[in-house]
Amino acid sequence: MDAAQRQRLEETTRYDPSEVEARIFAEWMEGGYFHPVAEGDPEENFSVAIPPPNVTGVLHMGHALNGSMQDALVRMNRMRGRNSLWILGTDHAGIATQAVVEKELRKDGKSRHDLGREAFVERVWEWKAEYGSRIVEQYKRLGASCDYERERFTLDEGYVKAVYRVFKQLFDKGYIYRDNYMVNWDPGSHSAISDLEVENREVEDSLYSIDYPVEDSDQVLTVATVRPETMLADTAVAVNPDDERYGDLVGKHVILPLVGRRIPVIADEHVDVEFGTGALKITPGHDPNDFEIGRKHGLQEIGVIGSDGRMTEEAGEFAGMTAAEAQKAVVEALRAEGRLRAEEPYVHSVPFSHRSGERIEPLISLQWFCRMDELARPAIEVVERDEVRITPSQWKRVYLDWMEEIRPWCISRQLWWGHRIPVWYCDACGETIAAEAAPERCGSCGGELRQEEDVLDTWFSSAIWPFATLGWPDDTPELRAFYPTSFLTTAREILFLWVARMIMTGLEFPGRVPFRDVYVHSVIQARDGRRMSKSLGTGIDPLQEIDVYGADALRFGLLAMSSTQDVRFSDAKVEQGRDLANKLWNASRLILLNAAEVEPAPRPVTVEDRWILSKLERTIASVTEKLETYDFAHAVQEAYSFFWRDLCDWYLEIVKPRLYDGEEEEVSATLLHALERVLALLHPTMPFVSEEIWSFHPAREGHLAVHAFPVADESQVDPAAEEDVEGGIGLTQRLRAWRDLAGVPAGATLPAVIDGVEPPGFVARLSRFEFDGVGSEPVASIGPVRVLDSDQLDAAAVAERLEKRREELRAEVERGERKLGNEGFVAKAPAEVVEEERGKLERYRNELAELS
RNA sequence: GGGCGCGUAGCUCAGUGGGAGAGCGCUCGCUUCACACGCGAGAGGUCGCUGGUUCGAAACCAGCCGUGCCCACCA
């Protein structure tokens, strides 16, 4: 430490993260610590793939929590000397990004169609160049030690190559196919979306009962529906085969009102006899259930609602109306014809687009699908066998249940921004060709080719993130050194969307699981317990928290908040982190400014020295174990408690006289040693403040980011010293409490004598007693301490205090007697438990006898 | 409809068979030579309810009440 550093340490009584963080981060980057060489193998190396945030994204609390956890483990392993890679990058986020740029265009009164596909995509790239690295910069603010030199993007050149290779191989295996099928049509993004991008919401609709006249009869068949406008596309009415009411109608026909179409009455088990009249109108073109039934019975599929959400020509007089307008018109027309039997309010759940928020319109359209059964099978097995461990374990069951029910994945999207599906059509001969690069001409007839217009679901490319970012399909040094990655932390909402798909593609392509451990973390809710969300306005901005409290404070706070269950965001925990950073700074000032010039080393002289070294090593062992098992909350709280309570409140107060003395080298060596280990232990969770303080430490040779992570030294654990010192601490606390309650002025020193075992030397000083004191009669007895009367004492308060203690003791004695008087307890409880109770009872009895 | 959670101090949460804990807040006292983002002391809880198992239950079991999330094609 030079003179300027010493001066800074002397003058700065408060740790200021805003002054420190950017400077420290720049030093790390300059050191190149986050950019490991691609050497060694995945067993000895450590690697993590960040869940790639959307390019359109800004850092939210979920990123911050996830980042804090991953960084803690990456930094810990880097400090252990492992070649550690945290791969970072962004996701092109098809729908979201296209929407942002389309919104920009709309401001100029334009749509993407005005520009055309090529110019529009060009425009999105420009947008990406300008704003796409925002979130990457925000990860730096958090202190995330990602390899910023290996940043990837799901649409960069190498990544596209990987996506096309995957598509081609799945196509060749017959897993990827094109089909006219019922999909979730999102009128908002004008595209099909997958089942996982749909969320169901409770909605209040009306349930209409409509009479369908039976052909050549006076009978009517009444059906119930919430979507009367789809009746225009009805191609059957179904009843349950066991429904006696309708047995004779099956095989007959009804006449569809308004349309006049003659449609069959069919029997199908799907129909619930209890619901409504037990007759179900079948609309294969606009309802997923009806679609299934329709295919089973070979029914005609009619579409009356188009992809623009308007009624098609098939809807006859209703053509051109929106679906909502058509609903009203159809209801009116039915009423006019006397076919509307009832209309009642009805609450049910309805699919909405997770992307645009609009109500899903189920439609039949020509889309690309990927069959999942074959891919899922091995991905189920590796989780069953715990080759991929999911923590907490209840998510394993959730994963397996979903995987076992997996259905084909609709992978095509009617967007322009994304991986354009690598399929070419020959209009001349009808050939369909999948290829990794654009073929010149049709292989069969030599005709012109035209590429598929649709792009792939963004999650199709995310699914290969762990190996595509490392250079797959090429055999790169990165892939050899860092795949499989070491672990993954994630929010449970993307367990299916992302995690399951990575496991499937990892097994199918590189042939190995992408990670061994999946830790599913809790969700941090808003302060009021609602979801944090932009649309609700309940989001809390992590960057603002960093501005106010510092990155270390936020990281500590989030880790302390995290748990296996969802928790509300706690400002108090972030403040606790800020206070800890400040306390670290100030305790370090005390040590660094007063320590003698010695080598840091454990050099215990007193029992207190042995005690703090023992607690230090215990804490290192425990915190390390908790970090390794993803128990971040307990890890940081234990580190906090050791540092604040044991080290600062007690040890530093105990050794101050020796430290100020400057004579005793041993205590300086021990303190510098403890400080070094505490800083290293805390570095993975609070990297900035620990690095900053380390820059003043005499043992510093390089950055703490690459300093050795402490390994607990069991030989320092000393239970006898712990018992002695903790006994002294307990006595000190009782003496202080007695003073306070006896009304003794804070600054006064009280006379007392010791009757019994001499307590550790610090007790007298820290409780402000003088044990060889001169005074008159003892007026109180606290452990071995006999407090002597003096004019500092308030006789009435002392008496009151004494009586209070007696009462406490009487209660304790009574409790002990009752417990030991219970024959069952004495007979059946373990002997050591009974012994312990006996000992306690005896002690309480003795103390009570002394006080009487 | 199925599944998974949660209900502990005023607040946010730990604790999962042997005497109720933390942080914040609150009260009282401290300009004690690292830190008032500090130091010392204290108050505060029939551990949702009802039964059961056990010598012993906040913890284990059953039921109930309240509450949150995920999955699911009853119109």
Side-chain angles (χ1 to χ4, degrees), chain A residues 9-10 13-15 182 200 207-208 223-227 230 238 270-277 279-283 287-293 346 348-349 351 362 392 394-395 397-398 401-402 405 492-493 495-496 523 525 527 529 531 549 553 557 560-561 563-573 575-594 633-634 637 640-641 648-649 652-653 656 660 732-733 736-741 743-747 766-768 812 815-816 819 822-830 832-834 836-837 840:
Chain A
L9 215 47
E10 275 167 357
T13 60
R14 194 179 276 203
Y15 173 68
M182 168 90 23
N200 291 301
L207 183 67
Y208 299 92
V223 300
T225 180
V226 289
R227 300 206 60 194
T230 65
H270 169 80
V271 181
D272 180 357
V273 179
E274 307 288 318
F275 191 93
T277 59
L280 173 65
K281 73 192 245 332
I282 302 297
T283 321
D287 183 280
N289 291 315
D290 297 2
F291 177 78
E292 298 284 343
I293 294 172
Y346 186 68
H348 64 148
S349 76
Q394 68 257 33
W395 299 107
R397 192 70 256 158
V398 174
D401 286 348
W402 185 75
E405 296 291 313
R492 57 177 164 266
E493 61 186 18
L495 193 60
F496 308 142
V523 174
Q525 303 165 330
R527 290 179 253 259
R531 244 188 123 64
Y549 299 102
M561 269 176 246
S563 102
T564 50
Q565 66 163 314
D566 294 353
V567 286
R568 298 175 184 208
F569 184 82
S570 162
D571 298 284
K573 288 284 194 292
E575 281 168 19
Q576 193 182 352
R578 175 201 57 187
D579 295 350
L580 176 58
N582 189 243
K583 190 78 171 176
L584 274 166
W585 174 255
N586 279 295
S588 302
R589 286 175 64 224
L590 173 70
I591 296 168
L592 295 168
L593 289 170
N594 293 286
H634 290 108
Q637 308 213 66
Y640 173 93
S641 169
C648 292
D649 287 354
L652 288 181
E653 293 305 327
K656 265 181 189 174
Y660 288 139
T732 305
Q733 288 173 321
R736 283 169 172 170
W738 184 88
R739 297 172 56 107
D740 221 52
L741 292 170
V744 179
L766 295 185
S767 58
R768 293 187 187 235
E812 292 292 355
R815 186 195 146 274
K819 194 151 193 179
N822 180 343
E823 282 172 33
F825 175 72
V826 179
K828 295 191 180 175
E832 62 270 22
V833 175
V834 178
E836 200 185 321
E837 280 302 322
K840 277 190 287 191

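Within every chain, numbering begins at 1; the chains are lettered A, B, ... in the order of the sequence lines, protein sequences first and strands thereafter. This is a predicted model, so every value here is computed, not measured.
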From the options B/G5, B/G40, B/C55, select the nucleotide whose nearest atom is closest to the side chain of A/Q394.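 Looking only at side-chain atoms, A/Q394 lies closest to B/G5.
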Choosing from B/G19, B/C35, B/C13, which nucleotide comes nearest the side chain of A/T13?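 It is B/C35.
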What does the list of N/O pairs under 3.5 Å between the protein and nucleotides 41-48 of chain B look like, with a distance for each?
from  : atom 1 : to     : atom 2 : distance (Å)
B/A41 : O2'    : A/D740 : OD2    : 3.2

Starting at the 5' end of nucleotides 69-74 of chain B, put B wherever the base has a protein heavy atom under 4.0 Å, S where only the sugar-phosphate does, and a dash everywhere else. --S-BB
Might you list the N or O atoms of the protein lying below 3.5 Å from N or O atoms in nucleotides 23-26 of chain B, with each pair's distance?
from  : atom 1 : to     : atom 2 : distance (Å)
B/G23 : OP1    : A/R645 : NH1    : 2.9
B/G23 : O2'    : A/Q576 : OE1    : 3.3

Would you mind classifying the nucleic acid contact of [X] as base, sugar-phosphate or nothing, using non-hydrogen atoms under 4.0 angstrom?
{"X": "A/D571", "value": "nothing"}
{"X": "A/P830", "value": "base"}
{"X": "A/K281", "value": "nothing"}
{"X": "A/V826", "value": "nothing"}
{"X": "A/N822", "value": "sugar-phosphate"}
{"X": "A/R527", "value": "nothing"}

Compare side-chain N and O positions of A/R578 against OP1 and OP2 of B/C37 and report whether any pair is under 4.0 Å apart.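 Indeed not, no polar side-chain atom of A/R578 lies that close.
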Looking at B/G19, I'd like to know if its phosphate oxygens (OP1 or OP2) sit under 4.0 Å from a side-chain N or O belonging to A/R815.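 For B/G19, neither OP1 nor OP2 has a side-chain N or O of A/R815 closer than 4.0 Å.
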Considering only NZ, NE, NH1 and NH2 on the basic side and carboxylate oxygens on the acidic side, decide whether A/R531 and A/E493 come within less than 4.0 Å.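 The answer is yes: the pair qualifies as a salt bridge.
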Side chain to side chain, A/E837 and A/F825, heavy atoms closer than 4.5 Å: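 In contact.
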Has the side chain of A/K583 got a donor or acceptor that lies under 3.5 Å from a partner of the other kind on the base of B/G38?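 By the distance-only test, no, there is no pair.
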